[in-house]
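One structure below.
Each chain gets a letter, A, B and so on, in the order its sequence line appears, and its residues count up from 1.
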Protein chains: 2
Amino acid sequence: MAARDYGQYGGITRALELIGERWALLIVRDLLVGPRRYGELAVGLPRIPSNILAARLKELQEAGILRRMPRSRVIVYELTPYGRELEPVVLALGAWGFKTLGEPRDEQIITPDSMTMDLRTAFRPLVAAELPSTAYSARVGPAELLIRVDGVRLDVTRGDGPVDLAFTTGADIRRLISGELAPGRAIETGVVEVLHGPGELLDRFASTFHLAA
Amino acid sequence: MAARDYGQYGGITRALELIGERWALLIVRDLLVGPRRYGELAVGLPRIPSNILAARLKELQEAGILRRMPRSRVIVYELTPYGRELEPVVLALGAWGFKTLGEPRDEQIITPDSMTMDLRTAFRPLVAAELPSTAYSARVGPAELLIRVDGVRLDVTRGDGPVDLAFTTGADIRRLISGELAPGRAIETGVVEVLHGPGELLDRFASTFHLAA
DNA sequence: CTGCATCCCGGATGATACTG
DNA sequence: CAGTATCATCCGGGATGCAG
């Protein structure tokens, strides 16, 4: 019922039977950021048809990966413990894909949840542990994120709060994270616009979040 | 040409555009074991239609994941360095799927390459390092494997060689690896048949390869 | 308004036959 | 052996409808 089978008995085929269908892992990716409502998922996955979203949610639920939770008149979807164990998979996949991520195509947008997971992918806890705790406010295209780094811990949420550095940028954040573009030059050339706080903190940001090809 | 896009700009969507199509990651899995010819891949993926295999190979080649290599009159497919970087993804996926792998269904078969990758998934290098080097010959259903463990290194190949323990079993090897079935009981009940060497070495095998739900 | 279900169509997938 | 060609089928995409 979930996915068509591959006729093989093994861990990888089993996994692909559960989350190998189109869109399935992207739903999991967004739910790794936090519980989401049907409409929120639809907004975060702009090209997904509503019937496909409904079908995937049903399949993922039957597979024990997520739960429908009625929460005060609305329904939210949240990962089960087994679903949350997909985080290493999603991070590994994101790291691999990030390495050959080029410039964005015209129809490609940046969503808050995908950006959040990309930041988690690029996060270097061991580097962060050597640096002071820092809070950033980053607007990456349409995504507004509050990024708090404290020791080896990373917390990315939507919304605002007091921060050490606030900046605005676009898809070029990729070149900052990959090391192609130095933080100083990013500010000089206007690729990153600092709204608040000392621009030097962008160096710390680039050290904390780094993933090279 | 490769995959349809998801309309998003990010590492995970990029990865899924490259290897998210049906069968793609299974081809990668088999090539992680070693270079393979077209016919070998077809045998290892019993249900794949030949046109789909041909299409995937072309797409994966264009994506820079594998190469067609003419090798003395025949063509072999092998992963590029970028393709080999998918190993963490495949192992993470395999580990996740293995945890809820049940009993095999009727049409499900065990192939040498899928078994090899499952063993790599379950391999515990830190445990193996504490144990003497050991060579096993395992026949798991139709798959005949030579398994050599030396310190933190694991080498699984087809074919034969001198071994410390030779045994035969079936899909129940999963219960041995998951810890559901103790090695001693596996031998007593005939689930594992020891062909050569001391049966106690099966304990060492189960310690070396372990992955619980 | 949210949370889906239905309908139709195009393109990807699957089975089989065939060829250099 | 290593694919290509053909055709049927099914899934995914887009628009629309509708109930709580």
Exercise for review: Please state how far atom OH in A/Y6 lies from atom P in C/dG14, giving the value in whole angstrom units.
Suggested key: 8 Å

Practice item. Side-chain contact test, heavy atoms from C-beta onward, threshold under 4.5 Å: evaluate it for A/L18 versus A/R14 and give yes or no. Key: yes

Check your understanding: So among A/R71, A/R68, A/R36, which one has a salt bridge (charged side-chain N to carboxylate O under 4.0 Å, His left out) with A/E78?
Key -> A/R71

Point to revise | Between P of D/dA2 and CD1 of B/I27, the distance in whole Å | key: 15 Å

Point to revise | Distance in angstrom units between B/L26 CG and C/dG14 P, rounded | key: 11 Å

Review point. D/dG12 P sits how many Å from A/L45 CG, rounded?
Key: 14 Å

Review point. Is the distance from OP1 or OP2 of D/dG20 to the nearest side-chain N or O of A/Y38 less than 4.0 Å?
Key: no

Check your understanding: Under 4.0 Å between a side-chain N/O of A/K58 and OP1 or OP2 of C/dA5, yes or no?
Key -> yes

Practice item. Mark yes when over 12 heavy atoms from residues, nucleotides or ligands other than A/R185 sit less than 6.0 Å from its CZ; otherwise mark no. Key: no

Exercise for review: Would you indicate what A/I75 reaches in the nucleic acid, counting non-hydrogen atoms under 4.0 angstrom: base, sugar-phosphate, or nothing?
Suggested key: sugar-phosphate

Check your understanding: Which nucleotide in the set D/dG3, D/dG13, C/dC4 lies at the smallest distance from any side-chain heavy atom of A/S50?
Key -> C/dC4

**Study point:** Side-chain donor/acceptor contact of A/N51 with base of D/dG14 under 3.5 Å
**Key:** yes

Check your understanding: Taking only N and O in the side chain of B/R56, is any of them less than 4.0 Å away from OP1 or OP2 of C/dT13?
Key -> yes

Point to revise | Nearest-angstrom distance from the residue atom CZ of B/R68 to P of D/dC1 | key: 17 Å

Practice item. Starting from P on C/dG3, measure out to CZ on A/R71 and report it in whole angstrom. Key: 13 Å

Exercise for review: Would you check if the side chain of B/R56 reaches a backbone N or O of B/K58 as a donor-acceptor pair within less than 3.5 Å?
Suggested key: no

**Study point:** Under 4.0 angstrom between A/R4 side-chain N/O and C/dG14 OP1 or OP2
**Key:** yes

Practice item. Anything under 30° is parallel, anything over 60° is perpendicular, the rest tilted; go ahead and classify B/F123 against B/F209. Key: tilted

Practice item. Give A/R73 one of three labels, base, sugar-phosphate or nothing, depending on what nucleic acid heavy atoms sit under 4.0 Å from its own. Key: nothing

Check your understanding: Atom CD of A/E21 to atom P of C/dA12: distance rounded to whole Å?
Key -> 16 Å

Review point. Distance check: side-chain N/O of A/R37 vs OP1/OP2 of C/dG3, anything under 4.0 Å?
Key: yes

Check your understanding: A/A54 has a side chain; which of D/dG12, C/dT13, C/dA5 sits nearest to it?
Key -> C/dA5

Revision key, fill the gap. From CE of B/M69 across to P of D/dA2 the rounded distance in Å is 16 Å

